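I have placed the structure first, in the form of structure tokens, so that the comments after it can refer back to it.
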Amino acid sequence: MSETVKFNKRILVSPLDWGLGHATRIIPVIRKLRKLGADVWIATSGMQETLLRSEFPDANFLHLPGYGVSYGRYGVMLRLLGQLHVIRRHIFTEHAWLQQAVREHGFDGVISDNRYGLYSTEVPSVLITHQLALQIPKWAAFMRAGVQQMLYHHIENFGACWIPDLANDHHSLAGNMSHPKKLPEMPVKYIGWLSRFEKPEIPPAREKFILISLSGPEPQREILEEKIMAELNSIQEPVWLVRGLPGETILPVVPAHVTVYNHLSAPEMQDLMLRCQLLISRSGYSTLMDAMALGTPIACIPTPGQTEQEYLSIRLATKGWSVSMDQEHFNLEELIGKAEGMQDMKMNRDYQSPLEEIVGEWIKGL
């Protein structure tokens, strides 16, 4: 797509509100849209809005409440299943909201990151998701076929599905989640890993410090933070702790060898991920895409009961792309020891992301 081609289209973009990952991974999509001349509006709220306003302060924002799903401290999967009626109600209400917003603001197209209600019957709409096959726990295996049918019902309301992963399933990050046996009956495109970061041709040398990045819905984010805080004195390495709380102003008291931030801008976070000897984080998909894009050695602590993160954590550890430890048995010193000697991930320098071409083809057809 020629860089001189500009498309004067008004596009609405909206990420899911479960943690910050959906907001961070939509950033490169917004950048491509704006590069192509689109007038991008963003529908979100809460911490996701705070983060995206910091990245795009001149963009137009519409208030769209999140799903407000809570993981709880115990029985995460059961709690999520118990909130299905809440999720379905939000899907219905956000669809009605979108229909009105399209008429009121004259949007030419809509891109939704995992918000299943943000499809339009009036303008083209795209769903971004890597979850084409949900990870159902063994005790709920009897629900698998019904859940899959319901998932595809929602996905196929959209005009197209963009999958943030590689088309080659062997090198895929999401594995069988993004490469199911049967794809939805609609145009499906693999758009490559979505990261707001870009690795420089000559990256800085790794330094002797640990970067810990917290994220995800409460109260599990806070539970992990409490465990980490309790063990910071057990290690000698300098630590940078990013709490994943944009908009928060109060900082906790930490040992002298720890530097703590509530939130960092994308350039600041990229710099730390390029220089740290190890990143410790959840195995959220967006965080993993960022780590892969920068080649950052990573140690994962999946959110308990969140089957997607548990699957990703096991997959990456099996491939030798990371090390993993469950939250219940978390030990900071032991986790750092497991990761000792991990090398940078080497992305193929010849790999060219298809994102700009795919976004350009879509906006050209509006």
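Remember, it's a predicted structure, so these values are computed and weren't measured experimentally.
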Rounded to the nearest 0.5 angstrom, the CG-CZ distance for L272 and F209 is 5.0 Å

Pairwise side-chain contact, C161 with L183, heavy-atom cut-off 4.5 Å (strictly under)
no

Where do D113 and H22 land on the side chain to side chain donor-acceptor pair (under 3.5 Å) test, with the steps shown first?
CA-CA 7 Å; D113 189 322; H22 294 280; 2.8 Å; yes

How would you list, by chain and number, every residue that makes a salt bridge (Lys or Arg N to Asp or Glu O under 4.0 Å) with R275, sequence neighbours excluded?
E207, D271

Taking atom types as modelled, is there a side-chain donor on Q220 or Q306 under 3.5 Å from an acceptor on the other?
no

Look at atom NZ of K189 and say whether more than 12 heavy atoms of other residues, nucleotides or ligands are closer to it than 6.0 Å.
no

Can you tell me if N262 uses its side chain to pair, donor with acceptor, with the backbone of E248 under 3.5 Å?
yes

Go through the structure and list residues passing salt bridge (Lys or Arg N to Asp or Glu O under 4.0 Å) with R282, not counting sequence neighbours.
none

So, for Y261 and W240, which heavy atoms are closest and what is the spacing to 0.1 Å?
CE1-CZ3, 3.4 Å

Heavy atoms of M289 and P164 approach each other most closely as SD-O, 3.6 Å

How would you list, by chain and number, every residue that makes a side-chain hydrogen bond (donor to acceptor under 3.5 Å, both in side chains) with E225, sequence neighbours excluded?
R221, R243

State the CG-CG distance between L312 and L173, to the nearest 0.5 angstrom.
6.5 Å

More than 12 foreign heavy atoms under 6.0 Å from CZ of F92: is that the case here?
no

What is the distance from atom CG of L166 to atom CE of M292, rounded to the nearest 0.5 Å?
8.0 Å

Here the gap from I26 atom CD1 to T44 atom OG1, rounded to the nearest 0.5 Å, amounts to 10.5 Å

For E268 and S265, test the side chains for any donor-to-acceptor distance below 3.5 angstrom and give the result as yes or no.
yes

What one should report as the nearest heavy-atom pair of R25 and S286 is CD-OG, 3.3 Å

Pairing donors with acceptors under 3.5 angstrom, does anything connect the side chains of S324 and S313?
yes

In sequence, state the C-alpha distance, the side-chain angles, and the governing distance for L52 and F61, and then conclude on side-chain contact (heavy atoms from CB on, under 4.5 Å).
CA-CA 9 Å; L52 289 170; F61 281 78; 3.9 Å; yes

Determine yes or no for a side-chain-to-main-chain donor-acceptor pair under 3.5 angstrom, with E356 supplying the side chain and G360 the backbone.
no

Starting from W97, walk the hydrophobic network (Ile, Leu, Val, Met, Phe, Trp, Tyr; side-chain heavy atoms closer than 4.5 Å) and list everyone else you reach, by chain and number.
L12, W41, L62, L64, L98, V102, F107, V110, L118, V123

Using the side-chain contact (heavy atoms from CB on, under 4.5 Å) rule, take M269 and S213 through it: C-alpha gap first, then chi angles, then the decisive distance, then the call.
CA-CA 9 Å; M269 194 66 181; S213 178; 3.6 Å; yes

Where Y285 and A174 come nearest, the two heavy atoms and their spacing
CE1-CB, 3.7 Å

Applying side-chain hydrogen bond (donor to acceptor under 3.5 Å, both in side chains), can you list everything that pairs with T121, at least two apart in sequence or on another chain?
Q99

Using 0.5 Å steps for rounding, measure from the SG atom of C300 to the CG atom of L288.
5.0 Å

Report the residues that fulfil side chain to side chain contact (heavy atoms under 4.5 Å, CB included) with T318, sequence neighbours left out, ordered by chain and then residue number.
I314

Hey, does the side chain of S353 reach the backbone of G192 with a donor-acceptor pair shorter than 3.5 angstrom?
no

Using a 4.5 Å cut-off on heavy atoms from C-beta on, say whether the side chain of L194 contacts that of I128.
yes

Among residues at least two apart in sequence or on other chains, which ones pass side-chain hydrogen bond (donor to acceptor under 3.5 Å, both in side chains) with D58?
R34

Under 3.5 Å donor-acceptor, S283 side chain and Q309 backbone
yes

State, yes or no, whether a side-chain contact exists between T296 and R206 at a heavy-atom distance under 4.5 Å.
yes

When you compare the side chain of W162 with that of I111, does any pair of heavy atoms fall below 4.5 Å?
yes

Should we count CG of N168 as having more than 12 external heavy atoms under 6.0 Å?
yes

For F56, is the CZ atom crowded, meaning more than 12 foreign heavy atoms sit under 6.0 Å from it?
yes

Tell me, please, which residues at least two apart from D39 pass salt bridge (Lys or Arg N to Asp or Glu O under 4.0 Å).
R10

Could you walk me through whether D17 and S45 pass side-chain contact (heavy atoms from CB on, under 4.5 Å), step by step?
CA-CA 8 Å; D17 69 314; S45 59; 5.8 Å; no

Modelled atom types, side-chain donor and acceptor of H329 and E334, under 3.5 Å
no

Closest approach of Y311 to N176 (non-hydrogen atoms, all atoms of both residues)
OH-N, 3.1 Å

Would you find a donor on one side and an acceptor on the other, under 3.5 Å apart, between the side chain of Y119 and the backbone of L127?
no

Hydrophobic side-chain clustering at under 4.5 Å (ILVMFWY, transitive links): who's grouped with V254? Put none if nobody.
I210, I212, L214, L224, I228, M229, L232, I235, V239, L241, L251, V258, V260, L278, I280, I301, V323, M325, F330, L332, L335, I336, M342

Does Q270 reach the main-chain N or O of E198 with its side chain, forming a donor-acceptor pair under 3.5 Å?
yes

Check for a donor-acceptor pair, side chain of H179 on one end and backbone N or O of A167 on the other, with a separation under 3.5 Å.
yes

Evaluate E218 against L245 for side-chain contact (heavy atoms from CB on, under 4.5 Å), listing each step before the verdict.
CA-CA 11 Å; E218 301 291 4; L245 296 174; 4.2 Å; yes

Does any part of the side chain of P219, heavy atoms only, come nearer than 4.5 Å to the side chain of E226, both counted from C-beta?
no

Using atom types as modelled and distance alone, determine if a side-chain donor or acceptor of E156 lies under 3.5 Å from a backbone N or O of E185.
yes

State whether the number of non-hydrogen atoms from other residues, nucleotides or ligands found under 6.0 Å of K208 atom NZ is greater than 12.
no

Heavy-atom closest pair, residues L132 and Y152
O-CE1, 3.3 Å

So, using salt bridge (Lys or Arg N to Asp or Glu O under 4.0 Å) as the criterion, who are the partners of E49 when residues are at least two apart?
R53

Check: Q131 side chain, M177 main-chain N or O, donor-acceptor pair, under 3.5 Å:
no

Inter-residue atom distance L51.CG - I27.CD1, 0.5 Å rounding
5.5 Å

Listed by chain and number, what are the side chain to side chain contact (heavy atoms under 4.5 Å, CB included) partners of P124, not counting sequence neighbours?
W362, L366

Using the test side-chain hydrogen bond (donor to acceptor under 3.5 Å, both in side chains), find all partners of N60 that sit at least two apart in sequence or belong to another chain.
none

